[in-house]
There are 4 protein chains.
Amino acid sequence: MKDKKSTVIEVATRLFAEQGFDKTSVDNICKAAGVSKGLVYHHFNSKDEILQEIFVQTTKSMLEMNKSVPNEPPENQLVKLIENIFSQLEHDKLFFQLNLNLMFQPSTRKLLSHHIKERSAALLDSVKKIFDGIDPDQSTKLSFMFIAEIDGVSLDYLSVYENYPLKALKEHLINKYKNI
Amino acid sequence: MKDKKSTVIEVATRLFAEQGFDKTSVDNICKAAGVSKGLVYHHFNSKDEILQEIFVQTTKSMLEMNKSVPNEPPENQLVKLIENIFSQLEHDKLFFQLNLNLMFQPSTRKLLSHHIKERSAALLDSVKKIFDGIDPDQSTKLSFMFIAEIDGVSLDYLSVYENYPLKALKEHLINKYKNI
Amino acid sequence: MKDKKSTVIEVATRLFAEQGFDKTSVDNICKAAGVSKGLVYHHFNSKDEILQEIFVQTTKSMLEMNKSVPNEPPENQLVKLIENIFSQLEHDKLFFQLNLNLMFQPSTRKLLSHHIKERSAALLDSVKKIFDGIDPDQSTKLSFMFIAEIDGVSLDYLSVYENYPLKALKEHLINKYKNI
Amino acid sequence: MKDKKSTVIEVATRLFAEQGFDKTSVDNICKAAGVSKGLVYHHFNSKDEILQEIFVQTTKSMLEMNKSVPNEPPENQLVKLIENIFSQLEHDKLFFQLNLNLMFQPSTRKLLSHHIKERSAALLDSVKKIFDGIDPDQSTKLSFMFIAEIDGVSLDYLSVYENYPLKALKEHLINKYKNI
DNA sequence: TATGAATGAGGGTTCATTCAT
DNA sequence: CATGAATGAACCCTCATTCAT
């Protein structure tokens, strides 16, 4: 049988993604997870702490996903990275949506500010390593631009436009970066 | 003396931006605006309605800001649009932050979904009109890409990275689009 | 009809006296006072604040009770004071019991520490003024002794011994002080 | 190594004295004592039972402290008793404070009512035996007065006045009783 | 003896909303 | 237009106690 603490984390992650952190009560989580309130507060000191644990786990899996393959030429790494991200985008919308709303909602932002900084720096670093192999002089600017493109597409796809031409934009970006 | 209803809207806008919609109570608004609860509920049927009125106003001023100048060549229009947006980004961070968190927080998203769709369509339309003058075959894709770039930069600048190289990215985009 | 805020204060005073502060829930108070929780929190910021308001009121009425009559000889003042206090002791046990448990229970002590200091100083001052008219050199010591006797009798009568010989001790003290 | 049950008693005594019975959770005790909840509930049936055991122990040591020396003249016994109590008062404030708040807080009062009666009667009895040797006709009244003086001084010293003239009052009482 | 996961009732507090004035 | 008292449901959290291991 699965660890109850893990169950709580899983359920909470889903509910936070679907309804938002503030609109998800601890009671919601308990009922959805089939556990008592006491159990939740036995494993976590507060609702905030549940969120923080989720964010840290999420960061780990994002970094895992973006791990570059150092032996390949940088252009290939970029292409693979793009393919990776777009594939995830399609298959785990909720996961990305959660991260967007955690980062932009003032209440959760404050709560996670330290973790957000760490994660962002790590992601930038990982992209910059690739661009250092392409154009060291402009690698910072290019990295920020690359990240902005990814973030912008994600945002528009996930939260703005229905019928978003995700595939077309993926091809567009792959074409742009494979011959950069 | 200023209209009390307008005062409420102004104060609510600021508080929603600073603290988030859910964490701002009607009482907060009343105290900050120096009016009574009765007054607020005389002008608005609910807290949700305050938010909707804010969103509609915000949409108007965003469209105003993005209004193209039809007589100029499309490249110039793009450049002017970019300059416009980046200038606003710098001078009214709170305004953009509010829009980000309203759109990505599930609770407010639902509330505003109709208005969000309208606004997004209008913005897309206004950009697409310009790209139609450049490359009608790809204007949709190019418009989405353009919007993604703007949105991504905004998002990273406003909510992710401290010391974001906003100016460098502005120049980068202007260079990209002025000779497209 | 009586002010609901006053009703809450009255009911809370009684319940705190009967059950203790910690064992009296806000819900208890609401039900006993026939008001809603919202009403209580509309008038008081917290349960603690209710207690503080009660303590301040109590202090006022204690000082009122101990007000000396400056034109009389000090011995008479002492006798009147003793008679006053013993009469109150008999007729308002709950009132004194409340004050005892508020002052000795660590949680309420902390909460009220400032008010407790003020009250104690005021009471001491009021007694010392009388003893200054009897023996200025020893007035401090005599005041503390007098207060200790009163406090000790109160305490033993209210909270220790059933069948306490309150009258006999009153006579004893009156005899002691009328010819001091 | 010390008995774990004794450790629990010691820790609980300290915490009850510092924070009050109601504000001390079983979990507080467990953590401070370095034992598990299961262990505590193995040795005690309930939190209340811990308190009762503490009170009984406390009573024993109080009676021990007040034990009179029958062969001496009663005046000397009184003086020795006063010196004993004041010495304890100075050196173990927490111990006395605990007893005060246990006796005056309604919730703990009820719980301990039987033990409180027993203790009080025993103390009165032990004092009365001395006064019987001085003035059998008035020994009851004198005993209650004596106890009231001691209790009043303790109460004011422990819980009311900072900078209490404890020594002066001790001398005052010793002078009063040594030539009674 | 000893652990700590698990329960569930109840605690203090917040808040959108209503309504008499 | 304007006030603010009043409601009641919901929220986060605490805690004495139980029990499988």
Side-chain angles (χ1 to χ4, degrees), chain A residues 1 3-5 7-8 21-31 33-51, chain B residues 3-5 8 21-31 33-51, chain C residues 1 3-5 7-8 21-31 33-51, chain D residues 3-5 8 21-31 33-51:
Chain A
M1 203 187 92
D3 190 343
K4 291 210 179 179
K5 183 174 177 182
T7 309
V8 171
F21 177 72
D22 287 330
K23 290 289 185 197
T24 302
S25 70
V26 175
D27 211 59
N28 288 159
I29 299 171
C30 292
K31 268 157 192 158
V35 301
S36 68
K37 273 189 194 177
L39 191 270
V40 168
Y41 281 92
H42 179 72
H43 288 295
F44 305 92
N45 288 317
S46 64
K47 189 186 168 192
D48 290 358
E49 206 180 276
I50 303 178
L51 182 64
Chain B
D3 190 348
K4 290 206 180 178
K5 184 174 176 181
V8 171
F21 177 71
D22 287 330
K23 291 285 186 199
T24 302
S25 69
V26 175
D27 209 61
N28 287 160
I29 299 171
C30 291
K31 266 159 193 156
V35 302
S36 69
K37 279 189 185 170
L39 193 271
V40 167
Y41 278 89
H42 177 77
H43 288 295
F44 305 91
N45 288 317
S46 66
K47 187 186 168 191
D48 290 357
E49 207 180 275
I50 303 177
L51 182 64
Chain C
M1 205 186 93
D3 190 341
K4 291 211 180 179
K5 184 175 176 183
T7 308
V8 170
F21 178 72
D22 287 329
K23 289 289 186 197
T24 302
S25 71
V26 175
D27 212 58
N28 288 160
I29 298 171
C30 292
K31 269 159 192 157
V35 302
S36 68
K37 275 190 190 181
L39 190 272
V40 167
Y41 280 92
H42 178 71
H43 289 294
F44 304 91
N45 288 316
S46 64
K47 189 187 169 191
D48 290 358
E49 206 180 276
I50 303 177
L51 182 63
Chain D
D3 188 347
K4 289 208 181 177
K5 184 175 175 182
V8 170
F21 177 72
D22 287 330
K23 291 286 185 198
T24 302
S25 69
V26 174
D27 210 61
N28 287 160
I29 299 171
C30 291
K31 266 158 193 156
V35 302
S36 71
K37 279 188 188 173
L39 192 271
V40 166
Y41 278 90
H42 177 76
H43 288 294
F44 305 91
N45 288 317
S46 65
K47 188 187 168 190
D48 290 357
E49 206 180 277
I50 304 178
L51 182 63

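Proteins come first, then strands; the chains are lettered A, B, ... in the order of their sequence lines, and each starts at number 1.
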Return the value, rounded to whole Å, for the distance between atom CG of B/D48 and atom C1' of E/dA16.
10 Å
For B/K23, which residues count as a side-chain hydrogen bond (donor to acceptor under 3.5 Å, both in side chains) partner, sequence neighbours excluded?
none
Which residues in residues 23-30 of chain C have a heavy atom closer than 4.0 Å to any atom of DNA chain F?
none
Starting at NE2 of C/H43 and ending at C1' of F/dT3, how long is that distance when rounded to a whole Å?
14 Å
Do the side chain of B/K47 and the main chain of B/F21 share a donor and acceptor less than 3.5 angstrom apart?
yes
Interatomic distance where NZ belongs to C/K31 and P belongs to E/dG10 [whole Å]
9 Å
Would you compute the distance between atom OG of A/S36 and atom NE2 of A/H42 and round it to the nearest 0.5 angstrom?
10.0 Å
Rounded to whole angstroms, how far apart are NZ on B/K4 and C1' on F/dT3?
10 Å
Show your reasoning for whether side-chain contact (heavy atoms from CB on, under 4.5 Å) applies to C/V8 and C/V35.
CA-CA 8 Å; C/V8 170; C/V35 302; 4.1 Å; yes
Taking OH from D/Y41 and C1' from F/dT17, how many angstroms apart are they, rounded to a whole number?
5 Å
C/F44 CZ to E/dT13 P: how many Å, rounded?
13 Å
Between atom OH of B/Y41 and atom SG of B/C30, what is the distance when rounded to the nearest 0.5 Å?
8.0 Å
Contacts of C/K5 and A/K47 projected onto DNA chain F by closest heavy atom; the upstream (5') one is C/K5
Just how far is it from atom CG of C/L39 to atom NZ of C/K5, taken to the nearest 0.5 Å?
11.0 Å
Length of the line joining B/F21:CZ and E/dC15:P, which is rounded to integer Å:
13 Å
Between C/I50 (CD1) and E/dG12 (P), how many Å, whole number?
9 Å
Within the structure shown, what part of the strands sits under 4.0 Å from B/K37 by heavy-atom distance: base, sugar-phosphate, or nothing?
base
Contacts of D/V35 and A/V40 projected onto DNA chain E by closest heavy atom; the upstream (5') one is D/V35
Look at the side chain of D/S36 and decide which nucleotide, out of E/dT7, E/dA2, F/dG4, has an atom nearest to it.
E/dA2
Note on DNA chain E: ranges paired as stems (three or more Watson-Crick/G-U pairs in a row, both atom distances under 3.5 Å) are E:2-21 with F:2-21
Atom pair CD/NE2 of B/E49 and B/H43 - distance to nearest 0.5 Å:
12.0 Å
